[in-house]
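These notes concern the structure reproduced below.
Numbers restart at 1 for each chain; the letters A, B, ... are given by sequence-line order, proteins then strands. Bear in mind the structure is a predicted one, so any value in this text is a computation, not a measurement.
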Amino acid sequence: MKKLSLLLVVLLASLQLSAQTQLKGTVLDGSMNDEPMIGASVIVKGTSAGGVTDLDGNFSITVPKGHNQIVVSCVGYKSETVNISGKTFVKVILKEDAALMDEVVVIGYGSMKKSDLSGALSQLKGEDLMKGGAIDVAHGMQGKIAGVQIQQSDGAPGGGMSIVVRGTNSFSTSSQPLYIVDGVPFDSGSMPSNGATQTEQGSNPLSMLNPHDIENIEVLKDASATAIYGSRGANGVVIITTKRGKSGKPKVEFSGSWGWSKITKQIDMLDPVTYAQYINEQTLNDIVYNGSRSTTLPYPGTWGYQAYTDGHLNYNTGKYTGKPEDFANPGWYYDEYGNATEIGVANWQDEIFQTASQQDYNLSVSGGSNEGYYSFSGNYTKQTGTIKNSGYERYSLRANIARHITDWLEIGTNTSFTNSTTDFANTLSYNTGVVRSALLFPPTYGPNMDTTTADNLNWLAANPAAYVRSAVDHLESINYFSSSFAEIKFTPWLKFRQNLGLSYNDSHRGSYYDRHTQEGKSPINGLASRSSNKWKGLTAESIVTFEKTFNNIHSLNVMGAFTFEKGKWENEAVKASNFPDDLTLYYDLSRATNQATLDNNDGTGNRGEQRLASFLGRVNYTLKDRYLLTASIRSDGSSKFTTKNKWATFLSAALAWRASEEKFIKDLNIFSNLKLRVSYGETGNQGIGSYRTLPMLSTANYPFGGTVTSGSASVNWRGPVDDGLKWETTAQWNAGIDFGWFDNRLTLTVDYYYKNTRDLLQNVKIPTSTGFSNMLTNSGRVTNEGLEIAINATPINSKDWHWDINANISFNKNTIHELEGDQYATTLWYGADDVFIQRNGCPIGAIFGYVEDGFYDNEAEVMADPKLGAGGTAKVGEIKYRDMNGDGVINESDRVIIGDTNPKFVYGLTNNIRWKDLSLSFMFQGSQGNDIFNGNLQDIKMGNVGNITRDAYEGRWTASNYENARWPMATGGYERTFLISDRYVENASYLRLKNITLSYNWHRPIKNIENIQFSFGATNVFTITNYSWYDPDVNAFGSDSSRRGVDIYSYPISRTYTLGLNFTF
Amino acid sequence: MKLTKYIFSAAIILSGVLLTSCNNWLEEKPESFIGPESVGDSEAAASRWVAGVYSNWLDDMFRWSNFPRVLELDADYISGPDWLFGNLGAGNFQGDDTCNSLWSGCYNLINDANTAIRYVSAMSSISDAVKNNALGELYFQKAFAYFLLVRAYGAIPYFESDVASGVEYYQPRMAVADVYGKITDLLTQAAGMMYKNTDSGFNTGHVSAGSAAGLLAKVYATMASGAMPADTEIQIRTGEPFTGTTYKDAEGNETFKEFRSPTPETFNKTVVAGHESMNAQELYEKAAEWAKKVIDGEYGSYELSSYDNLWKKSNRDASEFMWAVRSNNGDQVYCTHIHTYYSGYKASASSEFIESGGWVGCTNNWYELFDSQDYRITKGVRHTWRYYYQESYDGCFYYPLSWKVRITGSDLTNTYVQEPDPEYAATGYNYQYNQSSECLAFTTKYNDVEDEATDYADSQWPFLRYADVLLIYAEAENELGNSTEAMTYLNQVRQRSNATLMTTYQGKMKMRSAILEERAKEFACEGDRRWDLIRWGVYLDAMNAIGGRDEANIVKTRETRHLLYPIPTVEMNVNKAITENNPGWN
């Protein structure tokens, strides 16, 4: 019966409808060259009748009598109201709504309208990220966001990146922001070390993400935005949202790019002839100035013969040692007895560098409907390095799927799998490595020199050509990351969401240094290392959100959540050496005579766990769309601290006023947006390792009577334990103002902040006489004060022409307070102690050392100078250090601050210009006022067989060139000590045309292809800088904030040209 | 519908809560390491604490070859290549980290010893004998580390207990005499607590009661010699390496510079800083007393090994080695590089060629101190050896230069004058000598190892030998005026090496000098010479008598500041309780 009546109603209704006017039409996308618009809604004004456009943009609706207007709308477009009286067919073109497009931003544990935002947050869209053709996320972000300083470790493919949001808060804990991908913290664990050699190479967790997959990146900067992340929010939060399918017909997109790179510059080292002259000069100087008893020149140009036992020379054993001029004519030299010697030369940099290539392919299929959405994508990237034998390869797959199961339940998952492979060249290594070798190795040998001679020089550096031929350092990482959710709508204003994040990262690194490298030379006879790292993360978040507007003026959004996170890691590393041959590399360690040594100093075989539990909540209250209040609270409990300090609570509050909503401002008719914001909040940093509050004993064995006996002793590097360790807390004030003019075609955002970080977790140096050198404790305070300005302008926006400009500039001032005494950052490397001082009133990154004062030019000057302290006895031609405190001796108390690695400001400027289908985009980026500690110069000793720069040679002290001397006299001995002085500090300000891209869009070239885009781009086009080494954008110690701005045999950056092709179906 | 909604929601929320509701889940439980509380209370636990302290010698001190360099390189009779000797060996003590390793290594050991003492003292389930022996060994190790420190740095911070027990981190320098007081206290206690080497509980490789007694004798002698009055004379055979004359071959090319034989020079000693308040006579009495106790077997049984056995690897546990650091062949962590530095390693076990190493040797001045029949040069110095690069032309090095005629048949002007000795002629090698660091008097002490083709060979480092106790006894008796006793024990050591015995006592000064010289010969390449010169207050005279550079072109000129090592910069920068570095250092 019931069924029957229902049928009747339907029939009646259809009869009724059929009696009314039928309207057909097409909706076109004004922003996409009038392509058909799929899924636009068409509603008869004043009724609920209407429909949705189909795949071809067509609709067909029935218009009830008495209605003659329809409203056509689509998310992100301006709605159009169309008069249809008397029409049966209409064509509607929708235009993008610039004001609405940016509306929603992702914040911690939710999202909100941008206009309701009261904190400081910057958004970068996926398409802007991809401009310039970056193949990893961090490079794509560089220079594009105010207040975010992104530095690469060096130019290695797949190399490390460090990201600092609003200045460095801390010396010794991580200064890297928290990464949230699709709502879940993203951590890939640490990179396995290369056990066979020492290097500072780091990796970058973001390299595990395919940048093509990214929809938006939000960087939360002030405490109002980050406090919801509590104990991990102090360094800022980077929220990454991956692409979802959009309603409409399936979209298929393929893009490919191909590129070529070359290093941007070579270091000008001495040519073979000058080099040989320089080496001879060392010996001559030694005889004249240093009382050397030597009588022969290293490059004499003579034949030498072995003597028979009776003292007569054997004329069959002739060997020629060339004179400097001979190296201008390399080749075979003969004597009258028929002996031959080859004089070889090489430019070692030419031997290790090459023209590199890169390719990147991406395919994605996406779509969606009211029922849900899907998006599948795959990426393949391959880069060869500009140093031979290095490179990077990545492939990844992603599936983002969500479905409305019922009207109250939606479930979905974002899952990605990434495999990346990095072949490292040994760079960023102070004592071995390929770049070091290429620079220092004597050019008076040929690339194919006899290996025993090469091995003979191995103490200095390996034969660079042999190095790039044979050294292997291979990292393979697998990353699985998934963020899944179930969302239940209890009522329209109350919902519950359960997130579940799973991540798994497995990295394996293997390296092999054969017998022609410094690491593996005899008697090591091949050094292999294998290490692996496993990271498993689990995040569960239960979030309740209440959202309701009362009386149209009170809008309330309340969120409460309980979260739980667990990370587990496991790593191991083994080393083996003494292989019978170099054939099996690191693949079979059992072939080694010295098998699989576990090196307890490297923390081999290690597993552990960290856990975090949190309760959090936030209230957003908006009154009359113009008075905004946000307040948040988070309580974090961490396994890293003892019961004394396990739990900490972080609060924040923010107020904003959308003045542009006020009538008196509206009446001015000047501002399309005007918002004032102020916030205060506290965030924490718990960026220390697990178990740091527990004392640790290491294995310390001893072979009594030749039998190894187990022993235990303290771990010296760890220092004594402070069980009162607690969170670092950052209190931050932020005041900001957002302007919009001309319908938001010109916007300006200015933010001022002041951050005060107290209870710094730091490795305080303690006297080495305690048996330890440092202790992890809370001490001192750091403040950061800064200003960020971001401007977006669209000066031209017509049908044929479009020009927009994004510019940002950030200033930050960092100051240390309340330290008990001066502290020093960890030694950079052997011979570079105490380079970075931590002193009250100075910034983190202040360089400390001696000031030079010319040279001792003659004996009289030596005699006149009583300051013969540091570096031994003063001598003619040696560096004079300045007696800063005037006490008559040169000693440690004469050291002063000689540099600062913090920039005065960093900036970026992007221009996008379009004429019809042709677009040009280019970006300038730079840094001003920062110094670099150029550690490369420390190997210019002017005193051994290592090659030196032409600059050092031309500036060396000689009896005739003492007035212009910049480097001491060339000598052969080892007695000279260079102190850490201003010699090594260089200004690293730079301005760079980071990238430029020209592209052409070809719409509908053939049926079924919507668009083809051709592009040609170049990155690192030019750099204006006074920095003498490869590149000023270098940071050898990666995320170590206490040692920022060091250059040590970095991988040079390269200029890359790319061709891109993009198909959309 | 509604019902499912709520059931479903409840299920999800509940699962979230269950997931996280296990007890104590914010507590840390280490999985891959242990803390001190986990070591336990047992004999095995005590042994682990003790081994952990000894382990410091290997990892870090010897492992990175800062040891024995830091003890050895800065002395008059030692030399080597300039890259090795350029800093510490040339007086540039702050040029590299070698000096600092003595500081950090010893202090690391001291803190570990203090920790171990705390935990072993608290043990209740081990016998007193075991406990006392363990504690005695720990006292010994701690005392020895302080002895090395106080000799090198003078006044130094002294830690009664480990830092985890709450002791002040910033310790000021304790006066030299007080540090010595602590050292002698510790050693006196240790001597009474440890097993004798004849006890059943004694394990080879460990120090024993006799080690403590013997070291105590050496410590007292060190204190005493430093305190001897400033006008005390001492004679050292030394001088510039070359005469200035050069030999030339028939064509007028220079062949060799003429070595100058060392000549006896008499120096007036200075009182070692910090020893002013000490009473040399009393201290020598104590030195003699403790040495005699060892000699008389009161603390175990000790004897000199025969020369031929002395440096054999099978002899490492002989009673003569009262305290030596042992390493394990091929081990890359608990290792030494002694064999590499003094002997050089080969490319393979069957190879006769040295692949690398064999850098540190003694100078001509040292070699010429010996009687020609003394085993310590006939057997104790390497006479022919070959480097890998000599293979292509059948080259071979020899030592000394004075053997040129015997080996090659030619004299110093390269004129062929006689048939070479048949044993050398038979090899067909092209024998070479050059006056650089390539041809020095290289010791054979560390040659006998399990595997000659590794950088991690198992040579042991002799910190204290019975011969040392005998010579200390002789020295003390001489200063106390007992000439016969002094001569008897000096001759015990000389006799073992086939040296001509001393028959007539030529006075205190000559005897004092003879004993010091005997020590230079007996303990060459054992890291002893610098410290003998320092404690006798003749270091500067001995070094500067070389006249600048030695035959391998190493700078030997020294100034007052070289009497003490500089306190490491890291300590100076951080330790608020130390305001001044040693004189001349910063």
Item checked: Side-chain ion pair, A:R895 and A:D822, N-O less than 4.0 Å -> no
Item checked: Test: A:K495 and A:E487 ion pair at under 4.0 Å -> yes
Relative to chain B, which segment of [X] carries a heavy atom at a distance below 4.5 Å: side chain, backbone, both, or neither?
| X | result |
| --- | --- |
| A:T827 | neither |
| A:F978 | neither |
| A:E820 | side chain |

Considering non-hydrogen atoms only, spot the tightest contact between [X] and [Y] and give its length.
| X | Y | value |
| --- | --- | --- |
| A:F641 | A:K646 | O-NZ, 2.6 Å |
| B:V53 | B:A116 | CG2-CB, 4.0 Å |
| B:A51 | A:S710 | CB-O, 3.4 Å |

Which portion of [X] sits near chain A, non-hydrogen atoms under 4.5 angstrom:
| X | answer |
| --- | --- |
| B:S348 | neither |
| B:Q171 | neither |
| B:Q432 | side chain |
| B:Y393 | side chain |
| B:W49 | both |
| B:R316 | neither |
| B:P157 | side chain |
| B:S356 | neither |
| B:Y169 | both |
| B:D317 | side chain |
| B:T569 | both |
| B:L58 | side chain |

Next item on the list: Assess A:R497 against A:F485: is NZ or CZ under 6.0 Å from the centre of the six-membered ring, and within 45 degrees of the ring's axis?
Entry: yes
Gap between atom [atom2] of [Y] and atom [atom1] of [X] - 0.5 Å precision:
| X | Y | atom1 | atom2 | value |
| --- | --- | --- | --- | --- |
| A:S690 | A:K568 | OG | NZ | 12.0 Å |
| B:W103 | A:T768 | CH2 | OG1 | 6.5 Å |
| B:T454 | B:D331 | OG1 | CG | 10.0 Å |
| B:M572 | A:D834 | CE | CG | 12.5 Å |

Between [options], which shows the greatest number of heavy-atom pairs under 4.5 Å with chain A?
| options | value |
| --- | --- |
| B:E355, B:E168, B:H206 | B:H206 |
| B:E571, B:E254, B:K576 | B:E571 |
| B:N581, B:D394, B:V325 | B:V325 |
| B:R326, B:E31, B:K346 | B:R326 |

Specify which of [options] makes the most heavy-atom pairs with chain B at under 4.5 Å.
| options | value |
| --- | --- |
| A:N578, A:I766, A:T709 | A:I766 |
| A:G637, A:S893, A:G821 | A:G637 |
| A:N701, A:L612, A:T317 | A:N701 |
| A:G608, A:S773, A:P720, A:P703 | A:P703 |
| A:A613, A:G705, A:P767 | A:P767 |

Notebook entry, point to check: Do A:F562 and A:F564 have ring centroids that are under 6.0 Å from one another?
Noted result: no
Notebook entry, point to check: Using the ring of each side chain (for Trp, its six-membered ring), is B:Y431 parallel, tilted or perpendicular to B:Y429, with breaks at 30° and 60°?
Noted result: perpendicular
Note to self: Over 60° means perpendicular and under 30° means parallel, so tell me whether A:Y702 and B:Y54 are parallel, tilted or perpendicular.
What the structure shows: tilted
Check: So B:N111 and B:D162, side-chain hydrogen bond (donor to acceptor under 3.5 Å, both in side chains) or not? Walk me through it.
Finding: CA-CA 5 Å; B:N111 188 60; B:D162 63 312; 5.6 Å; no
